[in-house]
Structures are given as structure tokens and as C-alpha cells.
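For reference, the structure is listed below as C-alpha cells.
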Amino acid sequence: MQAEAPRARRAVVTTVVTTLIPTLGVAVALPLALYYVLRWQGVAQWQALLLSSVPPVIQAVVEAVRHRRARFFDLLVVVLLLVSAVTSLISGDPRVLLLKDAALPAVLGLWIAGTLLAARPFAFQFGRQLRSATADESAERRWRRDPEFRRALRSLTLLWGAAELLDAALSVVEAVSLPVDVVPVIGRSQSLGILALVVIATVRRSRRFRERHGVPLFGLTAEATGEPPVPGTAPDPSRS
């Protein structure tokens with residue numbers, strides 16, 4: 001099992017990187033670069049903000065067509081852009097479009113926190129993206145039988161939700177108080193910084209849980225090769 005751990009960690013890192021980097025490129029880097037190129041060309045602030053919001057919308061539409069279904073977050077991106085664009089056209093105020101960037105983490109944070117009331121919280125659902133089928137079955141059994149496992153994933157869900165809401169609150173303050181042209185770079189840098197801190201905290205919390213209980217919170221092959229018994233429970237008959 002010890003030999004499996006490095007491979008499991010590499011698989012997790014590979015999955016996160018290949019999923020996260022393209023998304024951040026389209027959602028963060030490309031809009032930011034496009035905005036400042038347009039401003040350098042003399043385009044008005046509200047127009048530059050509106051045009052720089054188009055790449056994430058295109059990505060959302062492409063993903064919906066490719067998977068033949070629209071995800072909640074993709075729909076949210078499109079709806080918020082349309083609403084803020086119409087409002088900005090009527091008012092002529094570019095800060096309306098800046099507030100859109102605060103609305104995204106606000107809704108996302110509320111949704112993540114809301115999953116605490118669902119059958120499986122956000123952190124457990126996120127782990128499904130990283131687990132093999134066998135490991136996911138093991139995680140389901142662990143969720144039903146182990147209160148420590150449930151508590152750890154719920155605490156991580158609360159952390160992610162609170163981080164998104166913090167990002168939203170700071171973005172609102174920036175949108176209404178700072179010069180328009182500095183808000184995009186400050187807001188994107190802030191969001192990436194908060195994301196990085198949350199990822200680091202998640203990795204450390206997962207590592208401590210594994211060291212203490214011998215079970216990965218987001219694991220892969222380690223769960224498939226062996227599953228430490230839960231204190232106070234009988235062995236799983238399916239493993240005998």
C-alpha cells in the first residue's frame with residue numbers, strides 16, 4: 001500500500017492540473033489580457049469589460065454542446081453576463097459589470113455551503129472526480145460508517161464555501177471603491193490567491209486525515225487495495 005501512495009498522489013495532481021489549468025486560462029488569464037489590450041486600444045471601460053467576459057461564455061456553450069447538457073455554473077456565467085450587460089448598457093456604468101465578477105463567487109459559495117444539507121457535500125462530490133470506481137464504492141461505505149470521515153469532508157466543504165463568499169465580499173468592495181481599470185487585475189489576483197490558500201489547506205487536511213486514520217479523503221488506488229476498519233464497527237462482509 002505504501003508503494004501505491006505516491007502513484008495515487010501523482011494521479012490526483014495530474015487530474016487537478018489538467019482540469020484546472022485550462023479552466024483558469026479561459027476564465028482568468030484570457031479575459032484579463034483581453035481587457036487590457038482593449039483598453040490600450042482605447043476601447044471604453046464598459047465595452048472592454050463586456051468583451052473580455054465573452055471567452056468564459058464561449059467555453060460554457062462549448063462544454064454544454066460537447067456534453068449535451070448545461071452545468072449549473074455554465075448557466076450562471078451566461079445569465080450573469082447577459083443581465084449585467086443589459087444593465088450596463090442602460091446605466092452606462094462599467095461598475096455593474098465588475099459586480100458580475102462578485103456575483104459569481106457569491107452564488108458559488110452559497111451553493112457549496114448549501115450542499116452541507118444534501119446527501120453528500122461538495123467535498124465528497126469533488127472527490128468523485130479523482131477516485132476510481134472501486135475507490136468510490138469504498139468511499140461510499142466509509143461515508144455511511146465513519147463519522148470522522150463525514151466530519152472531515154463537511155469541514156472542507158464549509159471552508160470552500162466560506163472562501164468563495166469572502167472572495168465575493170472583497171470583490172464588491174473593490175468594484176464600488178477602486179478605479180475601474182485596476183479592479184480586474186486585483187480581483188483576479190485575489191481570487192487566485194484565495195484559491196491557492198484553500199487548495200493548500202485542503203491538501204494538508206487530507207494528509208493529516210490519512211496519517212491519522214489510514215484512509216485518504218480524496219484517494220484512488222489506496223482505497224481499492226485495502227480499507228482500515230472503522231472503530232466500533234464490524235468488518236465489511238463483502239471484503240471477506
Side-chain angles (χ1 to χ4, degrees), residues 12 15-16 19-32 49 52-53 55-57 59-60 63-64 69-85 87-88 95-130 143 149-178 183-206 209 217-218:
V12 170
T15 302
V16 171
T19 302
L20 195 59
I21 287 182
T23 301
L24 290 178
V26 177
V28 177
L30 184 56
L32 194 61
L49 287 169
S52 65
S53 299
V57 173
Q59 182 189 39
E63 288 294 317
R69 64 183 180 87
R71 297 178 301 180
F72 167 75
F73 187 74
D74 294 334
L75 288 174
L76 177 64
V77 169
V78 175
V79 170
L80 286 176
L81 176 61
L82 292 176
V83 172
S84 58
T87 307
S88 182
R95 295 188 186 276
V96 174
L97 287 164
L98 293 177
L99 289 173
K100 168 187 65 66
D101 294 332
L104 283 170
V107 175
L108 185 58
L110 291 173
W111 173 75
I112 290 175
T115 64
L116 290 169
L117 303 176
R120 300 292 184 270
F122 169 80
F124 187 93
Q125 297 174 28
F126 175 78
R128 284 177 172 156
Q129 309 298 318
L130 308 176
W143 174 267
F149 187 74
R150 294 194 297 269
R151 188 177 300 113
L153 289 174
R154 283 173 175 148
S155 67
L156 286 176
T157 297
L158 184 60
L159 172 66
W160 279 82
E164 290 297 323
L165 292 175
L166 173 62
D167 189 15
L170 293 175
S171 297
V172 169
V173 174
E174 293 157 5
V176 300
S177 62
L178 297 179
V183 173
V185 67
I186 291 178
R188 298 302 195 282
S189 301
Q190 164 195 291
S191 297
L192 290 176
I194 291 175
L195 175 63
L197 290 175
V198 170
V199 169
I200 292 171
T202 299
V203 170
R204 289 181 175 177
R205 177 71 177 90
S206 179
F209 188 88
L217 291 175
F218 306 104

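Remember, predicted model here, so these are calculated numbers, not experimental data.
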Quiz item: For the residue pair R95 and A175, what are the closest heavy atoms and their distance?
Solution: NH1-O, 2.6 Å

Practice problem: Find the distance between CG (L158) and OG1 (T115) and round it off to the nearest 0.5 Å. | Solution: 10.0 Å

Quiz item: Any idea which heavy atoms bring T157 and P121 closest together, and the distance?
Solution: OG1-CB, 3.4 Å

Exercise. Mark yes or no for whether S206, through its side chain, and V203, through its backbone, hold a donor-acceptor pair below 3.5 Å.
Key: no

Exercise. Please identify each residue that fulfils side chain to side chain contact (heavy atoms under 4.5 Å, CB included) with V176, with sequence neighbours left out.
Key: L99

Quiz item: For the atom pair OG (S191) and CG (D101), what is the distance rounded to the nearest 0.5 Å?
Solution: 8.0 Å

Practice problem: Measure the spacing between OG1 of T202 and CZ of R205 and express it to the nearest 0.5 Å. | Solution: 10.0 Å

Quiz prompt | Separation between CD of Q190 and CG of L170, rounded to the nearest 0.5 Å | solution = 4.5 Å

Practice problem: Assess whether side chain to side chain contact (heavy atoms under 4.5 Å, CB included) is satisfied between L156 and F126, documenting all intermediate values. | Solution: CA-CA 11 Å; L156 286 176; F126 175 78; over 6 Å; no

Exercise. Only counting residues at least two apart or in another chain, list the ones meeting side chain to side chain contact (heavy atoms under 4.5 Å, CB included) with A113.
Key: none

Exercise. Would you mind listing every salt bridge (Lys or Arg N to Asp or Glu O under 4.0 Å) that reaches into residues 106-125, with sequence neighbours excluded?
Key: R120-E140

Quiz prompt | Qualifying residues under side chain to side chain contact (heavy atoms under 4.5 Å, CB included), relative to A168, sequence neighbours excluded | solution = P105, A106

Practice problem: Grab the two heavy atoms, one from S155 and one from A152, that are nearest each other, plus how far apart they are. | Solution: OG-O, 2.7 Å

Practice problem: Could you list all the salt bridge (Lys or Arg N to Asp or Glu O under 4.0 Å) pairs where at least one residue sits in residues 150-171, not counting sequence neighbours? | Solution: E148-R151

Practice problem: Only counting residues at least two apart or in another chain, list the ones meeting side chain to side chain contact (heavy atoms under 4.5 Å, CB included) with L178. | Solution: E174, V182, V183, I186

Practice problem: Nearest 0.5 Å please: distance from the CG atom of L159 over to the CZ atom of F122. | Solution: 10.5 Å

Self-check item: Worked check of side chain to side chain contact (heavy atoms under 4.5 Å, CB included) between W160 and L165
Solution: CA-CA 9 Å; W160 279 82; L165 292 175; over 6 Å; no

